[in-house]
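The structure under discussion appears below in the form of structure tokens.
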Amino acid sequence: HDIGKNIVGVVLQCNNFEIVDLGVMVPCETILKTAREVGADIIGLSGLITPSLDEMVHVAKEMERQGFKLPLLIGGATTSKAHTAVKIEQNYSEPVVYVSNASRAVGVAQSLLSEDLKPAFVARIDKEYEIAREQHARKQPRSRPITLAEARANRHQLDWVGYEPPAPRELGVQKFENVSISVLRPYIDWTPFFLSWELAGKFPRILEDEVVGEEATRLFADANAMLDQLEKDQSVRCAGIVGLFPANAVGDSIEVYTDESRTEVKKVLHHLRQQSEKQGFPNYCLADYVAPKESGKPDWIGAFAVTGGIGEEA
């Protein structure tokens with residue numbers, strides 16, 4: 001998780017902490033080996049996607065197995081106090097602390113490295129985690145789980161007989177280079193932008209919010225001024241890549257074909273189906289929205305990525 005990790009690093013450096021930044025997608029072995037070599041006082045992990053949650057558990061188990069005595073900090077978009085308490089903390093005998101945002105990292109680090117503050121801080125965290133585990137254990141699903149067979153019987157039914165999927169103008173991979181920021185600006189989702197600055201509210205209503213409206217308006221103006229400058233001097237180069245491929249659904253999966261003959265399967269994409277009891281609603285699966293193979297209707301799926309860079313790094 002590069003962006004969040006970098007912000008935490010900057011905040012801690014501004015408060016006289018020395019940071020050893022190993023980058024992203026770093027193997028557990030490298031993290032622990034480097035921590036020993038540099039004599040680290042704390043190890044921090046940040047996760048943006050779901051697989052990183054399991055990797056954090058693995059790192060905690062390895063720290064315990066290898067006899068580490070360092071605190072472990074957990075943060076990132078997919079993490080939570082409940083996950084830390086239930087899945088991670090119980091695998092490591094030293095303090096494991098969930099840090100909800102970058103601004104709290106300094107206080108947490110200072111408390112963990114202070115002989116005077118650490119005992120009370122750790123005791124409070126232990127109590128909070130015990131409560132979180134109790135609440136998690138009592139939690140009941142909002143709706144009754146059902147079997148996969150029941151879920152498939154209640155699949156989303158579309159009229160494929162009366163529908164002809166529109167064919168793309170051009171199949172395969174297409175690249176877009178040196179795209180102007182002016183083309184992309186109308187598609188910016190500003191709500192997550194404000195949330196990253198801890199200003200909660202939907203855009204554009206947040207600009208008129210009684211509590212944060214003034215600050216949100218100032219931040220919005222600053223962001224757009226920066227975009228104006230980047231658009232003017234063209235210092236940021238944007239690029240994108242789009243792929244459109246022949247495909248058909250087979251059950252809960254999607255077969256992607258090498259060409260329009262649809263005789264050779266290039267890749268099979270497996271999807272999950274909702275498995276909770278629905279009152280008046282189907283149990284959805286992404287494969288429901290692609291023409292099933294048995295319908296005889298050709299269909300297509302797409303994937304895209306957007307990249308950007310500054311100057312020579314673009």
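In this text the structure is predicted, and so the values were computed from the model without any measurement.
Not one N or O on the side chain of Tyr92 forms a donor-acceptor pair closer than 3.5 Å with the backbone of Val57. No donor-acceptor distance shorter than 3.5 angstrom exists from the side chain of Glu215 to the backbone of Val212, with no hydrogens or angles considered. Side chain of Asp299 to backbone of Val290: no donor-acceptor contact under 3.5 angstrom is found. Checking side-chain atoms of Gln275 against main-chain N and O of Ala151 turns up no donor-acceptor pair under 3.5 Å. At least one donor-acceptor pair closer than 3.5 Å links the side chain of Thr84 to the backbone N or O of Ser80. In this structure a side-chain-to-backbone donor-acceptor pair under 3.5 Å is missing from Glu55 to Pro51. Side chain of Thr217 to backbone of Leu207: a donor-acceptor contact under 3.5 angstrom is found. Listed for the Tyr129 side chain is a donor-acceptor partner under 3.5 Å among the backbone atoms of Val96. The backbone N or O of Ser276 sits less than 3.5 Å from a side-chain atom of Asn283, completing a donor-acceptor pair.
For the residue pair Lys118 and Leu112, the shortest heavy atom distance occurs at CD-O, 3.3 Å. In terms of heavy atoms, Asp41 sits closest to Pro71 at O-CD, 3.2 Å. Across all their heavy atoms, Cys238 and Ile181 have their closest contact at SG-CG1, 4.0 Å. Between Phe68 and Leu32, the shortest heavy-atom contact is CZ-O, 3.5 Å. Of all the heavy atoms in Leu70 and Glu94, the pair that sits closest is O-CB, 3.7 Å. Considering all non-hydrogen atoms of both residues, Pro246 and Trp300 come closest at CA-CD1, 3.5 Å.
Remark: the Glu231 side chain and the Ser180 side chain contain no N/O donor-acceptor pair separated by less than 3.5 Å. Side-chain contact of Gln135 with Lys139: a donor-acceptor pair under 3.5 Å is absent, judged by distance alone. Defined by atom type and a distance below 3.5 Å, a donor-acceptor pair is missing between the side-chain atoms of Ser114 and Asp116. Inspection of the Gln229 and Asp233 side chains reveals an N or O donor paired with an N or O acceptor under 3.5 Å.
Here the straight-line distance linking atom CZ of Arg124 with atom OG of Ser111 works out to 7.5 Å at 0.5 Å rounding. Going from atom CZ of Phe203 over to atom CD1 of Ile188 covers 9.5 Å, rounded to the nearest 0.5 Å. How far OG1 of Thr34 is from CG of Asp21: 11.0 Å, rounded to the nearest 0.5 Å. Annotation: the span from Asn154 atom CG to Gln274 atom CD amounts to 10.0 Å, rounded to 0.5 Å. In this structure, Leu117 CG and Gln110 CD are separated by 8.5 Å, a value rounded to the nearest 0.5 Å. Taking CG of Leu72 as the reference point, atom CD1 of Ile88 lies at 7.0 Å (rounded to 0.5 Å).
Around CD of Glu208, the count of heavy atoms belonging to other residues, nucleotides or ligands within 6.0 Å does not exceed 12. Counting heavy atoms of neighbouring residues, nucleotides and ligands inside a 6.0 Å radius, atom CD of Glu214 does not exceed 12 of them. Within a 6.0 Å sphere centred on CZ of Arg205, heavy atoms belonging to other residues, nucleotides or ligands number 12 at most. The environment of Lys87 atom NZ is sparse: at most 12 non-hydrogen atoms of other residues, nucleotides or ligands sit within 6.0 angstrom. Within 6.0 Å of CZ in Arg104 there are 12 or fewer heavy atoms belonging to other residues, nucleotides or ligands. Open room surrounds NE2 on His136; 12 or fewer heavy atoms of other groups in view lie less than 6.0 Å from it. Atom CZ of Phe304 has 12 or fewer neighbouring heavy atoms from other residues, nucleotides or ligands inside a 6.0 Å radius. Counting heavy-atom neighbours within 6.0 Å of Lys61 NZ, excluding the residue itself, gives a total of 12 or less.
Ring-centre distance between Phe281 and His156: not below the 6.0 Å cut-off.
Trp190 has its side chain within reach of Phe220: a pair of non-hydrogen atoms, C-beta onward, lies under 4.5 Å apart. Looking only at side-chain heavy atoms (C-beta outward), Pro298 and Arg262 come within less than 4.5 Å of each other. Between Lys297 and Pro165 the shortest side-chain heavy-atom distance falls below 4.5 Å. Contact of the Ser253 side chain with the Leu269 side chain is not registered, since no non-hydrogen atoms from C-beta on lie closer than 4.5 Å. Two residues are said to be in side-chain contact when any heavy atoms from C-beta on lie closer than 4.5 Å; His270 and Asp252 fail this criterion. Considering only heavy atoms from C-beta on, Leu73 stays 4.5 Å or farther from Leu45 through its side chain. With contacts defined as side-chain heavy-atom distances shorter than 4.5 Å, the pair Val265/Tyr257 qualifies. Side-chain contact check for Pro282 versus Gln157: every heavy-atom pair is 4.5 Å or farther apart.
Classification of Arg65 and Glu62 as a salt-bridged pair holds, one side-chain N sitting under 4.0 Å from a carboxylate O. One finds a salt bridge joining Asp288 and Arg273 here, because a Lys/Arg side-chain nitrogen approaches an Asp/Glu carboxylate oxygen to under 4.0 Å. A salt bridge does not link Glu177 with Arg237: every distance from a Lys NZ or Arg NE/NH1/NH2 to an Asp or Glu carboxylate oxygen is 4.0 Å or more. Look at Arg133 and Glu130 and you find a salt bridge, because one of the NZ, NE, NH1 or NH2 atoms lies within 4.0 Å of a carboxylate O, short of that distance. The pair Arg185-Asp228 counts as a salt bridge, with a side-chain nitrogen and a carboxylate oxygen less than 4.0 angstrom apart.
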Next item on the list: Carefully, step by step, assess Val173 and Ile241 under the rule side chain to side chain contact (heavy atoms under 4.5 Å, CB included).
Entry: CA-CA 7 Å; Val173 176; Ile241 184 168; 3.4 Å; yes
Next item on the list: Take Thr79 and Leu53 through the side chain to side chain contact (heavy atoms under 4.5 Å, CB included) test and state the conclusion after the steps.
Entry: CA-CA 7 Å; Thr79 61; Leu53 298 178; 3.8 Å; yes
